[in-house]
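Structure, as structure tokens:
Because the structure is predicted, anything quoted here is derived from the model rather than measured. In what follows, chains are A, B, ... by sequence order, proteins preceding strands, each numbered from 1.
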Amino acid sequence: MDYNFREIEKKWQQYWIDHQTYKVTEDASKQKYYVLDMFPYPSGAGLHVGHPLGYIASDIFSRYKRSQGFNVLHPMGYDAYGLPAEQYAIQTGQHPAITTRNNIARYREQLDKIGFSFDWSREVQTCDPAYYKWTQWAFIKMFHSYYCYDAQQARPIDELVDVFSREGSGRLNVACTEELNFSAEEWKAKSEVEKQQTLMNYRIAYLGDTMVNWCAALGTVLANDEVSEGLSIRGGYPVEQKKMRQWCLRVSAYAQRLLDGLDAVEWTDSLKETQRNWIGRSIGAEMQFKTQNGVSFDIFTTRADTIFGVTFMVLAPESELVQALTTGAQRAEVEAYLEKTKKKTERERIADKSVSGVFSGSYAIHPFTSEQIPIWISDYVLAGYGTGAIMAVPAHDSRDYAFARHFNLSIIPLIEGCDVSEESFDAKEGIMVNSGFLNGLTVKEAIPRAIDKIEDLGFGRRKVNYRLRDAIFSRQRYWGEPFPVYYKEGIPHTLPIDRLPLELPEVSKFLPTETGEPPLGHAMNWAWDEENETVVSTSLIDRKTVFPLELNTMPGFAGSSAYYLRYMDPHNDRGLVSEKADQYWRNVDLYVGGTEHATGHLIYSRFWNKFLHDLGVSAEEEPFKKLVNQGMIQGRSNFVYRIKNTNTFVSLNLKDQYDVTPIHVDVNIVSNDVLDMEAFKKWNPEYKTAEFILEDGKYLCGWAVEKMSKSMFNVVNPDDIVEKYGADTLRLYEMFLGPLEQSKPWDTNGIDGVHRFLRRLWNLFFDGDRLSVSDGEASKDELKSLHKLIKKVTSDIETFSFNTSVSAFMICANELTQLKCGNRSVLSDLLVCIAPFAPHIAEELWHLIGNQTSVCDAKWPAYNEEYLKEASFPYAISFNGKSRYVLEFPAEATQQEIEMAVLSHPNSAKWLDGKTPKKVIIVPKKIVNVVV
RNA sequence: GCUCGGAUGGUGGAAUGGUAGACACGCAAGACUUAAAAUCUUGUGACCAUAACGGUUGUGCGGGUUCAAGUCCCGCUCCGAGUACCA
């Protein structure tokens with residue numbers, strides 16, 4: 001009987017739907033296990049073979065855990081808000097909701113073909129109002145919260161109002177944008193508007209005037225993780241710095257907890273390191289410098305020990321101090337410099353390594369020596385880090401050194417024997433000199449000593465600084481979650497929670513308005529009637545109770561920050577997740593996804609979860625216990641070589657004899673690097689009359705590893721693989737390709753081997769057309785082969801080494817074929833082991849040999865060491881570490897017996913060369929090494 | 001620049017410090033076939049050698065530890081990823 005994978009896969013996929021095989025409910029009698037994939041953004045291009053890699057791995061793990069008796073939650077959904085659908089809408093007028101719906105349908109169809117064990121009844125889509133209701137809800141909660149450092153948690157903002165009216169802002173230890181100082185009386189004297197403005201300084205979701213990454217081409221601001229090297233990640237457009245009033249999330253308040261939490265999770269070291277760098281904790285001192293004209297300002301330094309080497313100060317051009325410290329004589333020059341730097345984009349500023357700056361005219365007073373120190377302005381100092389001002393120590397900082405050299409400022413070396421004639425000495429080692437009370441100390445001793453002294457004298461204090469900045473949460477886009485916010489006298493107010501969701505309105509255009517407002521400015525019905533608590537027409541804004549709604553929308557990461565919680569209880573309309581569901585599922589045990597989210601999604605969702613944890617909504621502090629990063633599957637492009645100015649193509653190994661141009665050719669008309677010439681002629685009208693110069697009667701194509709993309713013609717669609725070989729082959733082959741974490745090119749050259757294995761497995765159950773399975777005792781050899789497999793596969797799955805499991809299946813199937821194994825119990829256990837990898841064929845054979853229930857419900861077999869015991873073991877016999885021959889010894893042979901046998905063996909004579917051995921090392925069951 | 005990975009046959013890749021190259025692709029030879037495909041069997045790191053046995057060498061480079069190193073340590077080279085005027 002033939003292995004008809006098309007029929008089998010269709011049949012069982014339907015069976016699983018009909019029997020709701022993968023539906024899961026909370027079951028207190030079973031231990032839970034939560035396996036999650038990073039949900040996809042449904043792009044118009046559909047899935048390519050790279051996408052399912054992680055999904056297959058997590059599916060194997062889910063099925064394995066399930067057959068071990070765990071209650072496994074394995075959901076899937078869509079991150080459905082995003083730029084491409086909106087860009088497409090701008091170009092074509094097609095509503096993004098329609099594009100998104102179509103794309104989702106296409107994704108679903110593709111995913112279904114691969115046979116995943118997702119519980120689709122729990123599907124979520126971030127653009128669904130029933131879902132984003134809870135995104136908006138969380139935002140409102142953040143708006144009404146502040147972060148208390150003493151309690152190390154988010155607290156209701158009303159508490160803060162109480163404190164202000166009792167004792168003012170005096171002794172607060174809370175996260176804020178700016179340190180404010182006011183008394184209870186001053187608070188009470190504030191107008192309502194002033195009070196609201198003050199509270200903004202403390203809210204976790206706040207409106208702030210911050211420097212943002214503005215992308216003019218996309219018409220929106222972007223978060224730091226959406227920008228790389230001054231270009232937008234999506235589209236690669238230039239990004240400039242601009243001061244704008246935007247919604248922000250006070251992620252920085254959670255910096256320390258985000259850092260500490262990393263110790264508690266099982267992630268790869270490199271990913272933890274990436275997050276640590278992104279959070280960027282550095283310990284140092286904040287110091288106050290006075291100037292002669294009475295203004296004083298703070299700087300941050302990690303090198304307080306170098307205080308005696310300060311020869312100038314530098315302000316960031318954007319710093320507010322620039323105005324206060326620029327003297328009349330220098331004003332014109334400073335203005336010109338500010339104008340020049342403002343024009344530069346971030347990218348240009350990075351690319352431009354030349355030193356630039358301008359003297360402000362003012363001098364700071366050195367706190368220890370009382371010397372006058374010139375204050376400069378330069379764009380190498382960043383406004384967003386520390387205080388936007390630095391003390392420059394040219395001898396021990398390469399940037400300060402370059403600046404000092406360029407402007408001929410003095411350089412004072414502070415470390416014994418260091419040479420600063422050519423470059424600065426940046427290392428934190430050596431003995432201090434020229435440094436007053438620090439002389440004679442090592443750098444490591446001097447740093448804390450200097451800070452102590454600074455604190456004693458009241459010039460400054462110890463300070464921990466984080467690179468992590470607050471997340472900018474507004475986007476000037478249409479296709480995103482609307483903010484549940486309206487403005488009354490310019491002050492933002494949140495909608496009542498029971499009026500959520502605030503649904504995204506229809507707009508006539510997806511572009512910004514003529515007045516430069518975001519696309520929601522086109523909405524006809526986008527005002528809030530406070531009295532009736534409904535959305536009403538914008539034209540009613542003149543009425544007393546009707547106010548304009550927020551025109552910005554939320555960024556992409558808003559919807560993906562708590563989706564794992566929603567899967568626990570996706571249809572709940574009274575809460576994001578019920579306490580019962582949350583207490584049962586708690587957090588994600590295994591999260592599978594790409595590293596590209598290391599500094600975006602994985603920071604934001606950890607922050608979001610910590611906030612919800614503070615609210616008591618999420619049971620766990622960390623959302624993702626274990627995280628596995630699957631590697632990227634790259635494309636393997638094929639090339640044909642056209643002889644210049646002709647329509648003749650020459651095969652790979654002959655191309656050097658001609659002057660040729662390599663041309664990308666669709667990988668789908670190439671098989672094992674051999675071109676299908678007829679298909680090539682049809683592929684593009686230009687090649688209809690193509691002629692070929694062949695080698696061995698074939699046209700061989702060249703190849704290269706590149707990103708998988710349409711323009712390289714190297715996109716491989718999983719549907720085509722499923723059609724040709726079946727889903728089980730695709731699943732096994734993607735795993736067989738190499739280690740899960742590693743990036744690798746897609747290459748179909750080896751897929752036949754995996755497909756052959758499945759056919760051999762199939763044939764193992766048949767004798768001609770007859771099923772040949774019998775009951776009875778399994779033979780020793782059969783049990784040994786089976787249990788070797790169970791042991792190997794069990795440990796492989798636990799360590800995500802799926803590629804070697806596939807090899808183990810092949811070996812076992814071959815051994816059982818050799819043994820003509822037809823034993824029902826052996827074959828049953830074999831199927832249970834294979835089922836996570838190739839569920840369709842396993843299910844079919846499982847039923848054929850007489851089982852009534854699904855193989856998904858079968859219990860994972862335990863291996864028995866008894867069967868693996870060997871009667872004898874091969875020993876590698878080595879002389880001086882070089883292995884020479886192999887001998888078998890019974891398991892119970894003593895070391896003495898083995899030594900005797902080896903030394904008296906005829907093969908040994910040659911290596912002993914008449915000498916007596918100095919030492920014989922015997923590693924039981926492995927090796928005998930004779931040292932001569 | 002800094003941080004983290006990696007380098008093993010023609011190819012993808014296996015190897016708790018203990019017979020390097022499992023498994024698969026590819027290739028070669030053979031069987032079946034009028035033929036091809038499919039399938040099955042055998043061989044396959046390189047070099048030397050043979051009637052046959054066999055030997056030498058070999059995990060990016062140079063050292064070290066060890067009876068024994070792809071694996072551990074030190075110093076490089078190259079490749080990949082992340083990140084960066086972060087004071």
A:R467 side chain near B:C85 phosphate (N/O to OP1/OP2, under 4.0 Å): no
Touch class at under 4.0 angstrom, heavy-atom based, for A:D269 against every strand present: nothing
Distance test, side-chain N/O of A:R756 to OP1/OP2 of B:C25, below 4.0 Å: yes
SB check A:R276 A:D263 (cutoff 4.0 Å): yes
Nearest-Å distance once atom C1' is located in both B:G18 and B:U3: 35 Å
Integer-rounded Å distance: B:C23 P and A:M810 CE: 11 Å
Whether over 12 other heavy atoms sit under 6.0 Å from A:E798 CD: yes
Sugar-phosphate only, base, or nothing, as touched by A:V886 at under 4.0 Å among non-hydrogen atoms: base
Rounded distance (Å) that lies between atom P of B:C40 and atom CG of A:L764: 13 Å
Rounded distance (Å) that lies between atom P of B:A20 and atom CZ of A:R884: 10 Å
Side-chain N,O (A:R759) to OP1/OP2 (B:U39) below 4.0 Å: yes
Phosphate contact (B:G1 OP1 or OP2) by A:R399 side-chain N/O below 4.0 Å: no
Distance, rounded to the nearest Å, where A:E273 contributes CD and B:C4 contributes P: 6 Å
Whole-Å gap separating P (B:C23) and CD1 (A:I811): 6 Å
Phosphate OP1/OP2 of B:C40: any A:T817 side-chain N/O under 4.0 Å: no
C1' gap between B:A14 and B:A7, integer Å: 16 Å
Parallel, tilted or perpendicular, as decided by the 30° and 60° cut-offs, for the rings of A:Y380 and A:F403: tilted
Donor-acceptor under 3.5 Å (A:T387 side chain, A:D298 main chain): yes
A:R462 versus A:P448, closest heavy-atom pair with distance: NH2-O, 3.8 Å
Stepwise salt bridge (charged side-chain N to carboxylate O under 4.0 Å, His left out) test for A:K791 and A:E865: CA-CA 9 Å; A:K791 184 177 181 179; A:E865 289 284 355; 3.3 Å; yes
Option among A:W376, A:F312, A:Y401 that satisfies the ring-ring contact (aromatic ring centres under 6.0 Å, His included) test with A:F407: A:W376
5'-most by nearest nucleotide on RNA chain B - A:N277 or A:T301: A:N277
Sugar-phosphate, base or nothing in reach of A:K910, heavy atoms under 4.0 Å: sugar-phosphate
Rounded C1' spacing from B:A49 to B:U39 in Å: 37 Å
Sugar-phosphate, base or nothing in reach of A:W911, heavy atoms under 4.0 Å: sugar-phosphate
P spacing across the pair B:C23 / B:U42, given as an integer number of angstrom: 12 Å
Whole-Å C1' distance, B:C48 and B:G58: 14 Å
Separation of B:A37 P from A:D752 CG (nearest whole Å): 13 Å
Sugar-phosphate only, base, or nothing, as touched by A:T274 at under 4.0 Å among non-hydrogen atoms: sugar-phosphate
P spacing across the pair B:U19 / B:A37, given as an integer number of angstrom: 40 Å
Rounded distance (Å) that lies between atom C1' of B:C25 and atom CD of A:E734: 17 Å
A:D796 vs A:T804, side chain to side chain donor-acceptor pair (under 3.5 Å): CA-CA, chis, key distance, verdict: CA-CA 7 Å; A:D796 277 353; A:T804 51; 3.0 Å; yes
N-O pairing of A:E870 and A:K925 below 4.0 Å: no
Sugar-phosphate, base or nothing in reach of A:R469, heavy atoms under 4.0 Å: base
Phosphate contact (B:A87 OP1 or OP2) by A:Y385 side-chain N/O below 4.0 Å: yes
Sugar-phosphate, base or nothing in reach of A:S807, heavy atoms under 4.0 Å: base
Between A:R884 and A:N907, a side-chain donor and acceptor under 3.5 Å: no
A:T302 vs A:T599, nearer the 5' end of RNA chain B by closest nucleotide: A:T599
Separation of the C1' atoms in B:G82 and B:A46, to the nearest angstrom: 38 Å
N/O (side chain, A:K882) to phosphate O (OP1/OP2, B:U56) under 4.0 Å: no
Presence of A:Q742 side-chain N/O under 4.0 Å of B:G13 phosphate oxygens OP1/OP2: yes
Dot-bracket notation for RNA chain B, counting Watson-Crick and G-U pairs under 3.5 Å, with | for partners on another strand: (((((((..(((.....[....)))((((((.......))))))((((.....))))..(((((..]....))))))))))))....
Nucleotide B:C86, atom C1' - distance to CG of A:D426 in whole Å: 14 Å
For B:G82, glycosidic torsion class - syn if within 90° of 0, otherwise anti: anti
Any N/O donor-acceptor pair, A:N929 side-chain to B:C67 base, under 3.5 Å: yes
